[in-house]
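Worksheet for the structure shown next.
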Number of protein chains: 2
Amino acid sequence: MNNTSKEELILEAAMDEFIARGWSGARMQSIADRAGINKTLLHYYYRSKENLYEQIVRRTMEYFFGSIFRKISGIENFEEFLRTFINTLIDLSSDNPRLPMFIMQELSRGGEAVLAILNDVLSRNNPPVTVVMLRNITRAMDQGKIRKISPIQLIMTLLGSSLYFAMAEPIVMKIGGMNGFMEGFDRKSFLEERKKEIFELIYRGLENRVADHG
Amino acid sequence: MNNTSKEELILEAAMDEFIARGWSGARMQSIADRAGINKTLLHYYYRSKENLYEQIVRRTMEYFFGSIFRKISGIENFEEFLRTFINTLIDLSSDNPRLPMFIMQELSRGGEAVLAILNDVLSRNNPPVTVVMLRNITRAMDQGKIRKISPIQLIMTLLGSSLYFAMAEPIVMKIGGMNGFMEGFDRKSFLEERKKEIFELIYRGLENRVADHG
DNA sequence: GTCTATACATCGATAGAC
DNA sequence: GTCTATCGATGTATAGAC
């Protein structure tokens, strides 16, 4: 018996299509083609595009926030937390380059329904992944391991630094190709280098000491 | 005589619409409504949605890359370069929150036409803004002002850190609201704080000295 | 140049046979 | 459950009067 049910086949195809083209760009016919089924079956199983879309948003957010939560929860040491968080974000976004942009894009577009899904997904983990991160940073500050900073600003910097390459990869490669400073580019080793550089830069930047300048 | 010609009115309306909703989400009727004109005139002046879109992409890229170029070109001092680059990106993206995402989104979607526009826009400044940035970073390394790093990785980190908040603002505000750690949030002062925090973190992280850890 | 009316294509959704 | 055929809404684009 085939365990990859038709429902599951559809969901995977729909995820690919919605993430690649967004809500307004996605086509039911294209989802059916990806799944290798008749278009009518999409409506048979999932009633409407809107409904199918909501399930994809839920699934996507569960995957994204769930992955981060599983990786960082339980870590007590700040250096390990920092390194793990960066590595997880880069792995996640390089495996699914359009995922971060999809979440942000459709969350600013989506109305109450999408917000409710986000709320539900985040509250499923206890404590929520957002709280876990804040605690780790605050604790490190209290213990004097890092200097006093705004935890939220640090989280933004970590997210931005780690997710940006995957989001901007097409344009980066194009600009890089034009200027010739991407010769012999190897994606895999670039991403490994990226993990190290981000960690090193931020870890040094957080050290609890007086800086050279004013 | 009204200097805001009808062509210009249409372009501004189209820019708002395309940036807000993307290629597939944008509606010609909605552009006409924003411009306060009849829908037919869009085709009279710009022939097709595709053609209008290309002009918007060009205009957007000229604005974005041109702004950065004008701000950073001519700066010799590395610290000033770093500060100016960060400030410019944050000002640009907070004034036009959807602009960075639009450029990235539509550049990964767009085909040859969009790439040609990018090529054209970048090569208009001499030297291109990308080269200016690389030079500044490389010079600072050669002079021993900062430690040895990968210039491209640094540029990615700067872009990601500075642009991320504007891109993710809707989701950040929602998550922040849910967890109650965004009480009394003031956008303007947050952004000013953000400029300082990013600069401080990265400047310290680049200092040419031995770090605490391995 | 600007309008109304309408052609034409696409897409989501459903009816109905099997 | 799965298919073909088709409806109805929406969106781009144009014809033609003024």
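In what follows, every chain begins at residue 1, and chains take the letters A, B, ... in the order their sequences are listed. The figures that follow rest on heavy atoms only: side chains count, while hydrogens, waters and symmetry mates do not.
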Checklist entry - Would you call E106(A) and R21(A) a salt bridge, taking side-chain N to carboxylate O under 4.0 Å as the test? => result no
Checklist entry - Between which nucleotides of DNA chain C, 5' to 3', does chain A make heavy-atom contacts below 4.0 Å? => result dC11(C) to dA15(C)
Item to check | salt bridge (charged side-chain N to carboxylate O under 4.0 Å, His left out) against E54(A), all qualifying residues, sequence neighbours excluded | outcome: none
Item to check | Partner set under side chain to side chain contact (heavy atoms under 4.5 Å, CB included) for S94(A), not counting sequence neighbours | outcome: R187(A), L191(A)
Item to check | Those residues that, when tested against T157(A), pass side chain to side chain donor-acceptor pair (under 3.5 Å) (two or more places apart) | outcome: R194(B)
Checklist entry - Are K195(B) and E192(B) close enough for a salt bridge, meaning some N to O gap below 4.0 Å? => result yes
Next on the checklist: Applying a 4.0 Å non-hydrogen cut-off, can you work out what Y46(B) is touching in the nucleic acid: base, sugar-phosphate, or nothing?
Outcome noted: nothing
Item to check | Rounded distance in Å - NE2 (H43(B)) to C1' (dA13(D)) | outcome: 5 Å
Checklist entry - Would R124(B) and E62(B) pass as an ion pair if we require N to O under 4.0 Å? => result yes
Checklist outcome for this item: Note: contacts of residues 30-42 of chain B with DNA chain C (heavy atom, under 4.0 Å) are N38(B), T40(B), L41(B)
Checklist outcome for this item: Residues in residues 16-28 of chain B with a heavy atom under 4.0 Å of DNA chain D, by number, are A26(B), R27(B), M28(B)
Next on the checklist: What I want to find out is whether K39(A) reaches D33(A) closely enough, with some N-O distance under 4.0 Å, to be called a salt bridge.
Outcome noted: no
Item to check | Side chain R139(B), main chain E76(B), donor-acceptor under 3.5 Å | outcome: yes
Checklist entry - Do F102(B) and F18(B) have ring centres separated by under 6.0 Å? => result no
Next on the checklist: Can you measure Y45(B) atom OH to dT14(D) atom C1' for me and round it to whole angstrom units?
Outcome noted: 17 Å
Checklist entry - Given side chains that start at C-beta, do those of L159(B) and F85(B) come closer than 4.5 Å, heavy atoms only? => result yes
